[in-house]
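Note: hydrogens, waters and symmetry copies are ignored here, and every other heavy atom, side chains too, is used. First the proteins, then the strands, lettered A, B, ... as listed; each starts at 1.
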Amino acid sequence: MSANEDETIDGGEPDAESPYTLQREDGDDARHVFWADAVADRVEDRDPTEPIVIKGGISPSGVPHLGNVNEVMRGYYVAEVLRERGHDVRQVFTADDRDPLRKLPRTLCDLEGNLVDLGEVDAGALGRNLGSPYTDIPDPFGCCDSYGAHFSGIIQDSADAMDVPIDLVSTTELYTDGEFDDVTRHVLANQERAREVLSQYQDKVDEDYVPFNPICEECGKVTETVTSVDLESDPATVDYRCTDMDAGDRTIEGCGHEGTATIREGKMPWRFEWPGQWQALGVDFEPFGKDHAEGSWPSGQDVARNVLEIDPPVPMVYEWFTLEGEPFSSSEGNVILVSDVLELLEPEVLRYFFAKDPSKARDFSIERLDQLVDEFDRFEATYFGEVDASEDEQAFAERVYPLVVEEPREERIRLPYTFAAVLGMFDDPELREEVARKEDHIPEDAPEWAVEGALERVEQARNWARRTGNEFDYELKRSEIPEHDFDSATEAALEELADFVAEGHGPDEIQGEIYETAKRHDVDIGDFFGAGYRLFFDEQQGPKLGPFLDKVDREFVVARLRRDR
RNA sequence: GGGCCGGUAGCUCAGUUUGGCAGAGCGUCUGGCUUUUAACCAGACGGUCGCGUGUUCAAAUCGCGCCCGGCCCGCCA
């Protein structure tokens, strides 16, 4: 915050601390190749008490897609850097599960991450719960304690799958367990101050605004009309009337009930709840998406300083990324979960993706996933000094690679991703290994664990090829011969090639014979290969044919070359 | 309309704080691997660094103006 010395703390003006932390490094700070080091410097500048607390959080409102993983991974790297520097760090993740359901999601997902249309669950039950906190709504899948618990659980699973230790904190529990008592009471005791501060950011804040929304004991909905506040009770209470609530383009009707709720039976509005979490949890750093940068953050840090009288955490805005060039949208089906991604690549590749500069907008593309994996492979090879790389690349790899993988091990083997995809056409693991060795992708003396690790990628790359249906998705057309139309010369050449294969030759001989046969019959070599790919894959291109024909059972190959079956 | 972030090769991205020859990988093309088809090797092609302008010996980098995309400026999170 030393870049802007002139911030005003007179209460009349919003403070001007920019959340674009990565753009505001001070001249006297060391220059870092890794953004998390710059953030860690800023955290240390606060002289934080241990453990240092790093937070992320989302509202468990529906399908937790890959974009939400920013909330976990960005904090994780800062946490790891601080741990490296000898600090005790706690990474918490709040499930903001006392938020009310404001509209019906069109798409949900089960615990395995399978997308499920709203129509396939009890949509009526969900509809009756509009306006109620996520933790009070029954799980539409019936497998968890509540709607909120269902989606929080998926977030926890995602973090586990990426090997990131988080303390998942339920915001509902912060209220019900009384951990929010002090901060809620403080805000209510300083209502006027609270109104004064927030009114600078929200026009709707007027004389009647009370920064607490009780849950109606009659209908269970979060409601907004508080008629009086009693701070003498313990816990404090509010009287309320259950009135209509605006929710986007529609209104959620209140039941009209008049009652009393304790401050454990409701919630603060987000603009206070967020800073309240900073205080109750002692947060030192929190990354957030760019949607918060010009709205919640300015008001949040103002509330922190001038209502709660605490220092807000070090902020960091991250850019959103897109999926195949389009925004994430579960209703449009443009969504992908961590569990989906981990069927396509290793966790460390995904961790690498989140180690890149958070201030850059990026696209995550399944179609071109091979580019990301290749980039990771190069990053890894750079760390081990196996490729020529620029100074910048080297410096980045040296600094970041150890944080991305569980343990740097030089003997690790990475099959090139597209090669692995092609190997996926063999179901037999031994065959995969044999071909990979033959093509020099596995060294003679490779340790067993490294070979196993390398072959795991075959399964993932095959999933990728199948999912995208791309040019690496070779499927041996075993059961039925593909449609074909060859001239007589080609047919004669195929006969001869069949005879050659029937005699029993090795992969290299078969490869050579393909050329020879084509030449003898005056068939264009490219066309002849094409005929082979047509017969076996119903494609125009394919894997190197000699070794392939050598691997598939001979009887079938001979018969197929003769077009017998 | 106002504020903020982003825009670098066909694609994915480094490089922008602290000005110093425009970079990498992939793709493409050419050649090689005593035979074009997952691989490998060598080379080539590929750029108005969104546009304009100012400062400077020197600008992708700094200033100003503009264009495009996104986010925020109601509510909610």
Side-chain angles (χ1 to χ4, degrees), chain A residues 3 18-20 22-27 29 31-33 38 57-61 96 98-100 102-103 171 201-204 213 222 224 245-249 269-271 273-274 288-298 317-320 322 327 356-357 359-365 367-375 377-379 381-382 387-393 395-396 415-425 435-436 438-441 471-472 474 511-516 518-519 524-530 532-533 539-548:
Chain A
S18 164
Y20 299 95
L22 299 178
Q23 269 85 48
R24 291 182 352 105
E25 256 193 274
D26 298 337
D29 278 348
R31 187 178 179 179
H32 295 296
V33 296
I58 61 169
S59 191
S61 57
D96 295 326
R98 189 151 258 197
D99 298 346
R102 350 195 93 251
K103 64 173 187 199
T171 303
Y201 306 91
Q202 295 191 339
D203 296 341
K204 280 289 157 61
N213 301 329
V222 176
E224 287 173 339
M245 186 173 74
D246 285 335
D249 49 357
W270 168 250
R271 295 291 177 109
E273 186 174 274
W274 196 26
F288 45 86
K290 64 174 179 176
D291 52 333
H292 289 297
E294 309 300 327
S296 306
W297 169 256
V317 176
Y318 57 81
E319 266 284 342
W320 287 356
T322 51
K356 290 153 72 79
D357 186 350
S359 59
K360 296 278 189 190
R362 289 172 203 287
D363 185 44
F364 189 86
S365 172
E367 292 290 330
R368 297 188 299 268
L369 203 61
D370 54 317
Q371 288 193 351
L372 176 63
V373 179
D374 287 349
E375 192 183 312
D377 288 352
R378 180 181 167 83
F379 166 70
T382 300
V387 292
D388 288 332
S390 69
E391 273 182 42
D392 291 319
E393 284 179 290
F396 185 77
L415 300 179
Y417 195 66
T418 54
F419 175 73
V422 172
L423 273 190
M425 71 184 164
V435 175
K438 183 145 284 180
E439 299 289 327
D440 287 331
H441 287 298
E471 68 265 39
F472 304 103
Y474 298 127
Q511 180 75 9
E513 183 63 14
I514 297 173
Y515 286 94
E516 295 303 332
K519 276 187 194 167
D524 179 79
I525 290 174
D527 291 347
F528 195 52
F529 270 100
Y533 295 124
E539 301 267 358
Q540 292 171 5
Q541 296 198 0
K544 195 167 178 179
L545 212 45
F548 172 77

Trainee: Using side chain to side chain donor-acceptor pair (under 3.5 Å) as the criterion, list what pairs up with A:Ser365, not counting sequence neighbours.
Mentor: A:Glu324

Trainee: What about A:Ser61, does its side chain sit under 3.5 Å from the base of B:A77 through a donor-acceptor pair?
Mentor: no

Trainee: Nearest to the side chain of A:Glu294 - B:C71, B:G3, B:A38?
Mentor: B:G3

Trainee: Among all residues two or more places apart in sequence or in another chain, which pass the side chain to side chain donor-acceptor pair (under 3.5 Å) test with A:Arg368?
Mentor: none

Trainee: Taking atom types as modelled, is there a side-chain donor on A:Asp96 or A:Thr171 under 3.5 Å from an acceptor on the other?
Mentor: yes

Trainee: What's A:Asp377 touching, base or sugar-phosphate or nothing? Going by heavy atoms closer than 4.0 Å.
Mentor: nothing

Trainee: With the criterion being N/O to N/O and under 3.5 Å, what pairs connect the protein with nucleotides 39-46 of chain B, and how long is each?
Mentor:
unit_1	atom_1	unit_2	atom_2	d
B:A39	O2'	A:His441	NE2	3.4

Trainee: Could you tell me whether A:Gln202 contacts a base, only the sugar-phosphate backbone, or nothing, with contacts defined as non-hydrogen atoms closer than 4.0 Å?
Mentor: sugar-phosphate

Trainee: A:Tyr20 has a side chain; which of B:A38, B:A77, B:C5 sits nearest to it?
Mentor: B:C5

Trainee: In whole angstrom, what separates A:Trp270's CH2 from B:C76's C1'?
Mentor: 11 Å

Trainee: In chain order, what residues pass the salt bridge (charged side-chain N to carboxylate O under 4.0 Å, His left out) check against A:Asp99, with sequence neighbours excluded?
Mentor: A:Lys267

Trainee: Return the set of residues passing side chain to side chain donor-acceptor pair (under 3.5 Å) with A:His441 (not counting sequence neighbours), or none when no residue passes.
Mentor: none

Trainee: Using a heavy-atom cut-off of under 4.0 Å over every strand shown, decide if A:Thr322 touches base, sugar-phosphate, or nothing.
Mentor: nothing

Trainee: For A:Glu513, give me all partners under side chain to side chain contact (heavy atoms under 4.5 Å, CB included), at least two apart in sequence or on another chain.
Mentor: A:Leu497, A:Phe500, A:Glu516, A:Thr517, A:Arg520

Trainee: What one-letter contact string describes nucleotides 8-15 of chain B from 5' to 3', where B marks a base within less than 4.0 Å of any protein heavy atom, S marks contact via sugar-phosphate atoms alone, and - marks no contact?
Mentor: ---BSSSS

Trainee: Could I get the full list of salt bridge (charged side-chain N to carboxylate O under 4.0 Å, His left out) partners for A:Lys103, not counting sequence neighbours?
Mentor: none

Trainee: Report the residues that fulfil side chain to side chain donor-acceptor pair (under 3.5 Å) with A:Asn213, sequence neighbours left out, ordered by chain and then residue number.
Mentor: none

Trainee: Please give, in whole Å, the distance from B:G69 P to A:Glu319 CD?
Mentor: 15 Å

